[in-house]
There are 2 protein chains.
Amino acid sequence: MRVSTRFSDSVHILAFIEIYQDQKLSSELIASSIETSPVVVRRLMSTLRENGLIATKKGTAEPKLSKNPREITLLDIYLAVEGDKQLFTLDTNTNPDCIVGGNIQKVLGTYYEDAKMAALRKFNNVSLQDIIETILVEQKAKKVLK
Amino acid sequence: MRVSTRFSDSVHILAFIEIYQDQKLSSELIASSIETSPVVVRRLMSTLRENGLIATKKGTAEPKLSKNPREITLLDIYLAVEGDKQLFTLDTNTNPDCIVGGNIQKVLGTYYEDAKMAALRKFNNVSLQDIIETILVEQKAKKVLK
DNA sequence: CTTTCATGTAACTTTTTAAGTGACAAGAAT
DNA sequence: ATTCTTGTCACTTAAAAAGTTACATGAAAG
């Protein structure tokens, strides 16, 4: 399939809302930063709203973060847009009458879960504030180089 | 896109080869355990062979592991079939003229890499032997329950 | 030495899932 | 009232992997 950039784009949206909080934040403007369409942005924002990360008001271009960016982690964002889907994909159609086919899903599944949790724990230790600050540092560093 | 089950199926193939090493191991037989087509199995086995995990001989149904299953880790298998592609997908098409769009790829990329590495380290601590033994334990447990 | 079975690989089709698009009802604001 | 915007639906396009068909070539047994 096409690869999902929802997580990446969602972090983008949240950072954008915080950094440009004093401007008019239409889905059109945000879309121009992500280089995607306004509908894609609005769809993602719907999901973020349903998961309590932002507050929006229909008709007005004024989305706000629902929490302090220090209290929003990459994990919160990941779970909001990707849910608890498996990170590593099990083949769920194996022959149950074979010793391997009949047991590998359960066995591999536990190791997949361990690995996924190790990754998600990392995300739980990074806040939106960290992302924003690092973006701003990178931006300053760019200017110095010129 | 369709979700890849290459990793899962590759572990399946390797465990199958080891457990049934005394039988004739045609791609057809292995495919029947994975419930896929022989061509898919042969394609995966080509990749595993190119990466030094198995040895095959054209025309004969006798694939062998190239190493002791204690020396093959889930990470070896993962890298063989998935390469070093990113685990979490960055949107690589963002507006470079925007503070967020111009820096988020680099910033998020490092956190994605940290998370990916945390997951892959887990895989590096699990051997094919562990998988095989756990499969056999699960199989015995099933029989007792009957 | 020929028949049978198997691999290895190429080319093509199907499936899946997310992005992208067009449309529009309804809310907000001047 | 007019204009802008959101929220959402329905549809199309894109991309990647699985699945399929085909076949040249190698192995092995009679």
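Just so it is clear: chains get the letters A, B, ... in the order the sequence lines come, proteins before strands, and each one is counted from 1.
- At whole-Å resolution of the value, CD in B/Glu28 and P in C/dA6 are 8 Å apart.
- Distance, A/Leu44 CG to D/dT6 P: 14 Å, rounded to whole Å.
- Of the candidate nucleotides D/dA18, D/dT8, C/dA19, D/dT8 has the atom lying nearest to any side-chain atom of A/Arg42.
- Out of C/dG8, D/dT6, D/dC4, the shortest distance to the side chain of A/Ser27 is found at D/dT6.
- Distances were taken from every side-chain heavy atom of A/Lys58 (C-beta onward) to each of C/dT9, C/dG20, D/dG7; the shortest belongs to D/dG7.
- One atom, CD1 of B/Ile34, and another, P of D/dG19, lie 10 Å apart when rounded to the nearest Å.
- No more than 12 heavy atoms of other residues, nucleotides or ligands sit less than 6.0 Å from atom NZ of B/Lys122.
- Remark: C1' of C/dC5 and CD of B/Gln23 are 17 Å apart, rounded to the nearest angstrom.
- Distance from the side chain of A/Ser37 is smallest for C/dT21 among the nucleotides D/dT5, D/dG7, C/dT21.
- If you check C/dG8, D/dA18, D/dT6 against the side chain of B/Arg49, the one that comes closest is C/dG8.
- At least one side-chain heavy atom of A/Tyr20 sits less than 4.5 Å from a side-chain heavy atom of B/Cys98.
- For A/Leu29 and D/dC4, the CG to C1' distance is 14 Å, given to the nearest whole Å.
- Residue A/Lys24 has a polar side-chain atom (N or O) positioned under 4.0 Å from OP1 or OP2 of D/dT5.
- Put simply, the side chain of A/Ile54 reaches to within 4.5 Å of the side chain of A/Met45, judged on heavy atoms.
- A straight line from CG of B/Asp91 to C1' of C/dG20 spans 13 Å, rounded to a whole angstrom.
- Among C/dA19, D/dT21, D/dA17, the nucleotide with an atom closest to any side-chain atom of B/Val39 is D/dT21.
- Between A/Ser26 and D/dC4 there is no side-chain N or O to OP1 or OP2 distance below 4.0 Å.
- Within the 3.5 Å criterion, the main-chain N or O of A/Gly52 finds no donor-acceptor partner in the side chain of A/Lys67.
- Nearer the 5' end of DNA chain C, as judged by each residue's closest nucleotide, is the contact made by A/Asp9, out of A/Asp9 and A/Thr60.
- Side-chain atoms of B/Arg43 lie closest to D/dA18 of the nucleotides C/dT21, C/dC5, D/dA18.
- Comparing C/dG22, D/dG19, C/dG8 by their closest approach to the side chain of B/Val40 singles out D/dG19.
- Summary of the strand contacts: A/Glu62 and A/Thr5 both lie near DNA chain C, and taking for each the nucleotide with the nearest heavy atom, the more 5' one is attributed to A/Thr5.
- With D/dA17, D/dT20, C/dA26 as the candidates, the nucleotide lying closest to the side chain of B/Ser4 is D/dA17.
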Any chance you could lay out the salt bridge (charged side-chain N to carboxylate O under 4.0 Å, His left out) test for A/Glu62 and A/Lys24, step after step, and finish with the verdict? CA-CA 6 Å; A/Glu62 297 166 355; A/Lys24 198 182 73 166; over 6 Å; no

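- The aromatic rings of A/Phe7 and B/Tyr112 lie parallel to each other, with less than 30° between the two planes, well short of the 60° mark.
- Distance, A/Glu35 CD to C/dT21 C1': 17 Å, rounded to whole Å.
- C/dG8 atom P lies 12 Å from atom CD1 of B/Ile13, rounded to whole Å.
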